[in-house]
Amino acid sequence: MFEIKNMDIYMYPRYLIKNLSLTLNRGDKLAIIGEEGNGKSTLLKAILGNCEYATISGYINFHGHKVGYLEQSVNEIDLPKKVFDFIFLDDTDYYNKIGNLYKYLEQLKLNDTILEQTINTLSGGEKVKIRLLKLFLDEVDIFLLDEPTNDLDIDTLEWLEDFINHTSKPIIYISHDEMLLSNTANMILHLEQIKRKTDCRHTLLKIDYDTYVNDRLRKIEHQTQMAKSEKREYHKKAQKLQQVMQKVEYQQNTISRSDPHGAKLLKKKMHSLKSQEKKLENTTLTEVPDVEESIHFSFESVSIPPTKVILKLNLPVLQNQNKILATNVKLDVIGPEHICIVGHNGVGKTTLIKEIYQELSNRLDIKLGYMSQVYEDILSEYETVLDFISNEKTKNEITTARMYLGNMKFTADEMTGKIADLSNGTKAKLILIKFVLDQCDVLLLDEPTRNVSPLSNPVIRHVLKEFKGTIISVSHDRKYLSEVIDKVYVLTENGLIEK
């Protein structure tokens, strides 16, 4: 149904993809994975012929099939439009589509009143849903989905999984939701930047996500052990050879001139040893695997006393502008609790997190770290990475900051570069590093894992699980909920209910 042959993607100063060939048939669910900035979204745009910022070569053939594309965000020119106009304006096929409209509205759990709302008044999850609705009504043959799970509530995530699994139409998609990948993908395309991001590599396999990850980890571990073992053996042989050569050299320097035969034997022996040395130097050793997702960071010396009152929230009304979202919202957080707030799209979770931020931001007895869903809320006043990370820090602290950036796989260019040039996932990692360096003991997180690679997310979840401070968060990441969180609260129009 669709094929790519010998595709190269070059974006100065490096290749993102070299010599990619693939064929997609009915029933194929191809998940593109890889670290932030490796070209996943660029590949989708290249397939569509809609990528002006990179040099693309190769062959693409849709064989006459209609392609539907879900971008990561709504185009700015569409934001003031009513949902109805966004879906149907200038559409000559209106009467054929209107018959399916209410079927898909029901499946997506959308009330038809949303059709009269402007897109800029919708929640993040609602914006994803109405774009999915448009694709379904367009009756496309092949789906290209760039982060379709961003901002979706858990019910809609489960519906999306069911759709992906049961449609026979081919789907190429990018997602950071590991559970979605585990439950749906039957093909994996892994894009990597190796050799300190100076070269690229891709792996394409017809395999499920969990098998791919587990096989990859086993191979990495096996190759790492082999590399270490061979290196130890190499140094042992080199050391032993050096000792013998030193001994022979000593004998050569001290042998009597009256013993030419002995000198000849020692010279011959030294020649043999040098030959062994050259052979040893030319030995090809197994290399330690070059993998980019092996990030490292941790919170040290951070803790909250078990009886410390972090939050006593009592909001009679939660509202966004003039719209009342919920009433009687109460939340008590004591000690190093890890809590998460869930709920349907548009119910007001992000608005509630902002209210909590206002409540906590002026507290002097805690060190608050805040990750907004919109990273620019935090980063916009800083131009470069080092401006943000090393604000008012000493020379030693800046050195430590660079070390943490390196552990998060920031290159030297990224460390000194502009924040605006970073991918969203890299911005999320930058904010996490700032929390560590500032020794934050209370973290307020709005969708902390949504833009981070599924290969890096397990490390982030583990660090947050081990965090001895307080976490108040919003998330629809089911692995985050099960591994990091102690208490889950559902936000409803009548307040918070502990799940």
request  = Start with the C-alpha distance between Tyr375 and Asn451, add both sets of side-chain angles, then the distance that settles side chain to side chain donor-acceptor pair (under 3.5 Å), and finish with yes or no.
outcome  = CA-CA 11 Å; Tyr375 303 138; Asn451 287 308; 3.0 Å; yes
task = Using the salt bridge (charged side-chain N to carboxylate O under 4.0 Å, His left out) rule, take Lys465 and Glu483 through it: C-alpha gap first, then chi angles, then the decisive distance, then the call.
result = CA-CA 7 Å; Lys465 179 183 178 181; Glu483 295 176 17; over 6 Å; no
Stepwise side chain to side chain donor-acceptor pair (under 3.5 Å) check, Asn214 with Thr211 = CA-CA 5 Å; Asn214 292 333; Thr211 301; over 6 Å; no
ask   = Going through the distances and angles, do Asp365 and Arg363 end up as a salt bridge (charged side-chain N to carboxylate O under 4.0 Å, His left out)?
value = CA-CA 6 Å; Asp365 59 328; Arg363 288 269 295 272; 2.7 Å; yes
key: Criterion salt bridge (charged side-chain N to carboxylate O under 4.0 Å, His left out) on Arg216 and Glu192, from CA distance to verdict   = CA-CA 13 Å; Arg216 175 181 168 78; Glu192 298 177 85; 3.1 Å; yes
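The environment of His344 atom NE2 is sparse: at most 12 non-hydrogen atoms of other residues, nucleotides or ligands sit within 6.0 angstrom. The neighbour count for Arg478 CZ, taken as heavy atoms of other residues, nucleotides or ligands under 6.0 Å away, is above 12. The number of heavy-atom neighbours closer than 6.0 Å to NZ of Lys308, taken from other residues, nucleotides and ligands shown, is above 12. Dense packing is recorded around CD of Gln225, with more than 12 heavy atoms of other residues, nucleotides or ligands lying under 6.0 Å away. Within a 6.0 Å radius of CD in Glu466, other residues, nucleotides and ligands contribute more than 12 heavy atoms. With a 6.0 Å radius and a threshold of 12 heavy atoms from other residues, nucleotides or ligands, Glu76 has its CD atom at or below the threshold.
Remark: of the listed residues Leu144, Leu145, Leu135, Leu144 is the sole one forming a side chain to side chain contact (heavy atoms under 4.5 Å, CB included) with Tyr69. The only option from Asp146, Asn38, Leu191 that meets the side chain to side chain contact (heavy atoms under 4.5 Å, CB included) definition with Ile32 turns out to be Leu191.
Taking the ring centre of Tyr357 as origin, the terminal cationic atom of Lys354 falls outside the region bounded by 6.0 Å and 45° from the ring axis. A cation-pi arrangement is absent between Lys429 and Phe410 under the rule of less than 6.0 angstrom and at most 45 degrees off the ring axis.
Counting only heavy atoms from C-beta outward, the side chains of Ile207 and Met187 never approach each other to under 4.5 Å.
The structure places OH of Tyr53 at 4.0 Å from NZ of Lys45, a figure rounded to the nearest 0.5 Å. One distance of note links NE2 of His202 with CE of Met7; it measures 11.0 Å at 0.5 Å rounding. To the nearest 0.5 Å, the span separating CZ on Arg461 from CD1 on Ile485 amounts to 11.5 Å. One distance of note links CD of Gln319 with CG of Leu315; it measures 10.0 Å at 0.5 Å rounding. Interatomic distance, NZ of Lys330 versus CG of Asp332, reported as 9.0 Å (0.5 Å rounding). Going from atom CD of Glu161 over to atom OG1 of Thr149 covers 9.5 Å, rounded to the nearest 0.5 Å.
Ion pair Lys82/Asp85 not flagged as a salt bridge, since none of the NZ, NE, NH1 or NH2 atoms sits closer than 4.0 Å to an Asp/Glu carboxylate oxygen. Of the charged side-chain nitrogens involved, at least one lies within less than 4.0 Å of a carboxylate oxygen, so that Lys487 and Glu337 count as a salt-bridged pair. One finds no salt bridge joining Asp446 and Lys349 here, because no Lys/Arg side-chain nitrogen approaches an Asp/Glu carboxylate oxygen to under 4.0 Å.
Take Tyr212 and apply the ring-ring contact (aromatic ring centres under 6.0 Å, His included) test, not counting sequence neighbours, and it matches His190. Residues passing the salt bridge (Lys or Arg N to Asp or Glu O under 4.0 Å) test with Lys468, sequence neighbours excluded: none.
Ring geometry for Tyr10 against Tyr15 counts as perpendicular: the plane angle is over 60°, on a 0 to 90° scale with 30° as the lower cut.
Taking the six-membered ring wherever Trp is involved, the centroid distance between the rings of Phe163 and Phe143 falls below 6.0 Å.
Counting only N and O atoms by type, the side chains of Asp210 and Ser182 include a donor and acceptor under 3.5 Å apart.
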